[in-house]
Amino acid sequence: MNIVAEKTLKLIESQIIGDNGKSFKSHEENLLPQMHDAYKADKKDGLRDHLGASLIGEPCVRKIWLSYRGCGQSQIDARMIRLFNRGHLEEARFHAMLRAIGCNTYFDTNGRQYGYKDGMFAGSIDGLATNVPDCPNELVMLEFKTMNDSRFKQFVSTDMLNFKGYENQCKVNMYCMCKYQADVLKELNPKDPTIWNTLFMAVNKNTDEVHAVLIHRDDDWVEKNLDKRINAVLDNNVVPAGIYDKPTYFECKCCSFKGYCYEHKELPHNCRTCVCHDLKSNTCMFDLNGYNEECYTKIEVEMENDD
């Protein structure tokens with residue numbers, strides 16, 4: 001069961017009021033230029049070069065399968081680019097809030113985000129922290145999100161009930177950081193290098209309200225689901241079943257991938273929907289370094305729904 005990080009939230013509130021934001025703004029000024037992701041150009045084709053933890057935790061495995069192949073994407077306009085950039089810039093503000101109340105926060109090593117990679121699967125985190133008021137003796141993982149007013153109110157009122165993808169992402173990242181980055185964790189907290197909790201913080205983009213919960217580590221969920229999901233997503237022969245089987249379900253009605261599940265929409269043309277490309281090794285049988293329409297051979301899939 002996740003719990004609200006009440007001590008951390010109350011201390012942030014009282015600290016910012018107490019010195020009129022002086023400490024917070026000082027840390028923010030120092031941190032903003034260090035947010036490397038905010039200034040990094042995204043890939044033009046919109047396809048990541050790996051299967052990430054931010055995607056693998058989605059409740060619907062078919063959605064992950066389709067998303068990894070570039071389905072459901074629309075043309076990204078200037079507003080969306082600014083929106084993605086804002087999410088990265090907000091990371092500095094979260095770190096500044098935590099440092100203002102005496103937390104030690106860390107967000108990269110050698111100019112790169114903390115993360116890990118295992119074959120085609122990889123993940124990165126928003127940071128690590130010690131001296132967090134709700135977990136004073138632990139090394140805590142940090143995850144930050146920006147939300148619109150409606151989603152933020154859902155988060156405050158229902159905890160992670162409507163954000164299982166985020167919750168699972170944190171569980172996977174805690175497990176994998178301990179598995180692949182044990183030396184880094186030991187250096188930051190020699191007495192107990194294990195990550196037991198994630199401090200998940202969100203800001204309301206409309207009002208600047210902040211809320212936070214602690215997500216507890218859950219190795220059972222990760223060991224039961226992670227490898228199975230990775231193999232299912234990288235399989236070009238079988239499309240995983242969706243979480244529901246009728247377009248009238250609320251989640252399906254609001255899903256940007258529903259056309260593929262219920263309307264026989266054709267998969268986009270790219271390397272990940274081509275039989276010439278092996279997703280597990282990320283290699284092309286023709287040794288091409290990118291998509292070529294002349295050799296494209298689409299995979300044959302049946303988008304059937306379970307009865």
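Every heavy atom of this structure was used, including side-chain atoms; hydrogens, water molecules and symmetry mates were not.
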Between Pro193 and Leu139, which heavy-atom pair has the shortest distance, and what is it? O-CD2, 4.1 Å
Option passing side-chain contact (heavy atoms from CB on, under 4.5 Å) with Thr8 (candidates Val4, Ile12, Leu11): Ile12
Electrostatic pair Glu251:Lys253 at N-O distance under 4.0 angstrom: no
Which one of Ile56, Asn225, Asp235 satisfies the side-chain contact (heavy atoms from CB on, under 4.5 Å) criterion with Ile230? Ile56
Just wondering, do Tyr114 and Met177 contact through their side chains at under 4.5 Å, heavy atoms? yes
More than 12 heavy atoms of other residues, nucleotides or ligands under 6.0 Å from CD of Glu223: yes or no? yes
For the residue pair Ala5 and Leu214, what are the closest heavy atoms and their distance? CB-CG, 4.3 Å
Taking the side chain as C-beta and beyond, is there a heavy-atom pair between Phe94 and Leu142 under 4.5 Å? no
Return the set of residues passing salt bridge (Lys or Arg N to Asp or Glu O under 4.0 Å) with Asp19 (not counting sequence neighbours), or none when no residue passes. none
Residue pairs passing the salt bridge (Lys or Arg N to Asp or Glu O under 4.0 Å) test where at least one lies in residues 186-209, sequence neighbours excluded: Arg93-Asp208
Side chains of Arg217 and Asn197: does their closest heavy-atom pair fall under 4.5 Å? no
Only one of Cys60, Pro268, Cys71 passes side-chain contact (heavy atoms from CB on, under 4.5 Å) with Leu66; say which it is. Cys71
Side chains of Asn292 and Tyr296 in contact at under 4.5 Å (non-hydrogen atoms): no
What I'd like to find out is whether the side chain of Val233 reaches to under 4.5 Å of the side chain of Leu51, using heavy atoms alone. yes
Quick check: do Asn173 and Thr198 have side-chain heavy atoms less than 4.5 Å from each other? no
Residues, nucleotides or ligands: over 12 heavy atoms within 6.0 Å of Glu13 CD: no
Would Lys164 and Glu167 pass as an ion pair if we require N to O under 4.0 Å? yes
Thinking salt bridges, do Asp134 and Lys7 make one under a 4.0 Å N-O criterion? no
Nearest heavy-atom pair of Phe107 and Asp126: which atoms, and what distance? CB-O, 3.7 Å
When you measure from the side chain of Asp108 to the backbone of Gln113, do you find a donor-acceptor pair of N or O atoms at a distance under 3.5 Å? no
Side chains of residues 98-105: which donor-acceptor pairs under 3.5 Å do they make with residues two or more places apart or in other chains?
residue : atom : partner : partner atom : Å
Arg99   : NE   : Thr105  : OG1          : 2.7
Arg99   : NH2  : Thr105  : O            : 2.9
Arg99   : NH2  : Thr105  : OG1          : 3.4
Asn104  : ND2  : Thr130  : OG1          : 3.1
Thr105  : OG1  : His95   : ND1          : 2.9

Is it true that, when you exclude Trp196 itself, more than 12 heavy atoms of the residues, nucleotides or ligands shown sit nearer than 6.0 Å to its CH2? no
In this structure, are over 12 heavy atoms from other groups packed under 6.0 Å from Asp183 atom CG? no
Using a strict threshold of under 4.0 Å (side-chain N to carboxylate O), is an ion pair present between Asp220 and Lys224? no
Over 60° means perpendicular and under 30° means parallel, so tell me whether Phe152 and His211 are parallel, tilted or perpendicular. perpendicular
For Phe163 and Phe155, take the angle between the two ring planes, folded into 0 to 90°, and tell me which bin it lands in: parallel under 30, tilted 30 to 60, perpendicular over 60. perpendicular
